[in-house]
Amino acid sequence: MGFFSALMGNAGAVSQETLLKEYRKLLIEGEEIELGFKLIRDTFIFTTKRLILIEKQGITGSKVEYKSIIYKSISRFSVETAGTFDLEAELKIWVSSETNPSIVKQFNKSVNVYDVQNVLAHHVLK
């Protein structure tokens, strides 16, 4: 992921090995990381059981919030692909019966949004 793309708020893919090194302590027995993405300070991880949002707060980023969203609480989602002049793809997730998306994330072109859609569909449509 390029630095400029990160500054623009676009997420880039992170390897499973890197995510495991840093976030293994968040996983329960039998839970595995499927996909993960990182912004400048924030990370979000799709596991076999839930979506984990990691948001670093404050100037130093030493305070961290870990949000877990179980897939069955996701009522709908949308994935918008990047266009010719549009540099990012977008993911929107609605939790429960909210009218506005609870989560909105942008991805740079290095991320295959169809992979993201596939993981979400696999878990949400069970």
Side-chain angles (χ1 to χ4, degrees):
M1 173 176 66
F3 182 70
F4 179 72
S5 182
L7 284 175
M8 296 302 293
N10 299 334
V14 180
S15 74
Q16 287 180 331
E17 298 81 29
T18 301
L19 293 168
L20 274 173
K21 282 181 193 174
E22 194 166 348
Y23 301 112
R24 181 182 312 271
K25 62 186 175 269
L26 297 176
L27 303 178
I28 64 169
E29 185 176 327
E31 184 176 21
E32 297 177 16
I33 293 174
E34 294 182 332
L35 280 177
F37 303 95
K38 185 165 182 70
L39 291 152
I40 292 176
R41 293 168 40 133
D42 299 339
T43 303
F44 52 109
I45 302 170
F46 294 95
T47 76
T48 52
K49 304 206 179 276
R50 60 193 161 145
L51 172 59
I52 302 172
L53 301 169
I54 300 129
E55 298 177 359
K56 295 186 177 180
Q57 302 171 0
I59 295 171
T60 63
S62 59
K63 182 176 179 180
V64 180
E65 179 180 18
Y66 301 94
K67 291 182 192 175
S68 291
I69 300 167
I70 55 173
Y71 292 118
K72 69 180 179 182
S73 70
I74 297 173
S75 59
R76 65 186 193 259
F77 61 91
S78 70
V79 177
E80 181 180 300
T81 62
T84 305
F85 299 108
D86 191 13
L87 297 178
E88 71 275 332
E90 188 172 71
L91 167 69
K92 294 180 184 175
I93 298 174
W94 287 261
V95 176
S96 298
S97 61
E98 294 181 343
T99 55
N100 293 320
S102 307
I103 301 161
V104 177
K105 298 291 181 184
Q106 294 182 332
F107 300 90
N108 62 33
K109 285 192 174 190
S110 71
V111 174
N112 183 343
V113 293
Y114 296 106
D115 290 344
V116 176
Q117 188 280 149
N118 194 348
V119 169
L120 269 172
H122 173 76
H123 291 293
V124 173
L125 300 176
K126 280 186 177 180

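- Listed here is the closest heavy atom pair of Gln117 and Val79: CB-CG2, 3.8 Å.
- The cluster map of Ile, Leu, Val, Met, Phe, Trp and Tyr, joined by side-chain heavy atoms under 4.5 Å apart, puts Phe77 and Ile52 in different clusters.
- At a threshold of 4.0 Å, the pair Glu80-Lys92 does not count as salt-bridged, since none of the basic side-chain nitrogens sits closer than that to a carboxylate oxygen.
- The shortest side-chain heavy-atom distance between Ile103 and Phe44 does not fall under the 4.5 Å cut-off.
- Considering every non-hydrogen atom in both Val64 and Lys56, the closest pair reads CG2-CG, 4.0 Å.
- Side-chain N or O atoms of Glu65 include none that pairs as donor or acceptor with a backbone N or O of Gln57 at under 3.5 Å.
- At least one side-chain heavy atom of Thr43 sits under 4.5 Å from a side-chain heavy atom of Leu19.
- Nearest heavy-atom pair, Gly30 versus Thr48, reported as atom, atom and distance to 0.1 Å: O-OG1, 3.9 Å.
- Taken together through direct or relayed side-chain contacts under 4.5 Å among Ile, Leu, Val, Met, Phe, Trp and Tyr, Leu53 and Leu27 form parts of separate hydrophobic clusters.
- Scanning both residues, Ser96 and Ser75, for their nearest heavy atoms gives O-OG, 2.5 Å.
- The NZ atom of Lys49 lies 9.0 Å from the CD atom of Glu32; values are rounded to the nearest 0.5 Å.
- The same ILVMFWY cluster, assembled from side-chain heavy atoms under 4.5 Å apart, contains both Leu51 and Leu91.
- For Lys63, the NZ atom sits in a loose shell: 12 or fewer heavy atoms of surrounding residues, nucleotides or ligands are nearer than 6.0 Å.
- Side-chain N/O atoms of His122 and Glu34 include no donor and acceptor closer than 3.5 Å.
- With rounding to the nearest 0.5 angstrom, the NZ atom of Lys21 is 7.5 Å from the OG atom of Ser15.
- Ring pair Phe46/Tyr71 is parallel by interplanar angle, where below 30° counts as parallel and above 60° as perpendicular.
- Hydrophobic clustering, with ILVMFWY side chains joined whenever heavy atoms are under 4.5 angstrom apart, keeps Tyr23 apart from Leu35.
- Atom CD of Gln16 sits about 11.0 Å away from atom OG1 of Thr47, to the nearest 0.5 Å.
- The environment of Tyr114 atom OH is sparse: at most 12 non-hydrogen atoms of other residues, nucleotides or ligands sit within 6.0 angstrom.
- Expressed to the nearest 0.5 Å, how far CD1 of Ile45 lies from CG of Leu20 amounts to 8.5 Å.
- By the 4.5 Å heavy-atom criterion applied to side chains, Ile69 and Ile93 are not counted as neighbours.
- Although no hydrogens or angles enter the test, the distance criterion places a donor-acceptor pair under 3.5 Å between the side chain of Ser102 and the main chain of Val95.
- Neither Ile70 nor Val119 shares a network with the other; the hydrophobic side chains, linked directly or stepwise wherever heavy atoms of I, L, V, M, F, W or Y lie under 4.5 Å apart, form separate groups for each.
- Between Asp42 atom CG and Lys105 atom NZ the span is 5.5 Å, to the nearest 0.5 Å.
- Interatomic distance, CZ of Arg76 versus CG of Leu120, reported as 14.0 Å (0.5 Å rounding).
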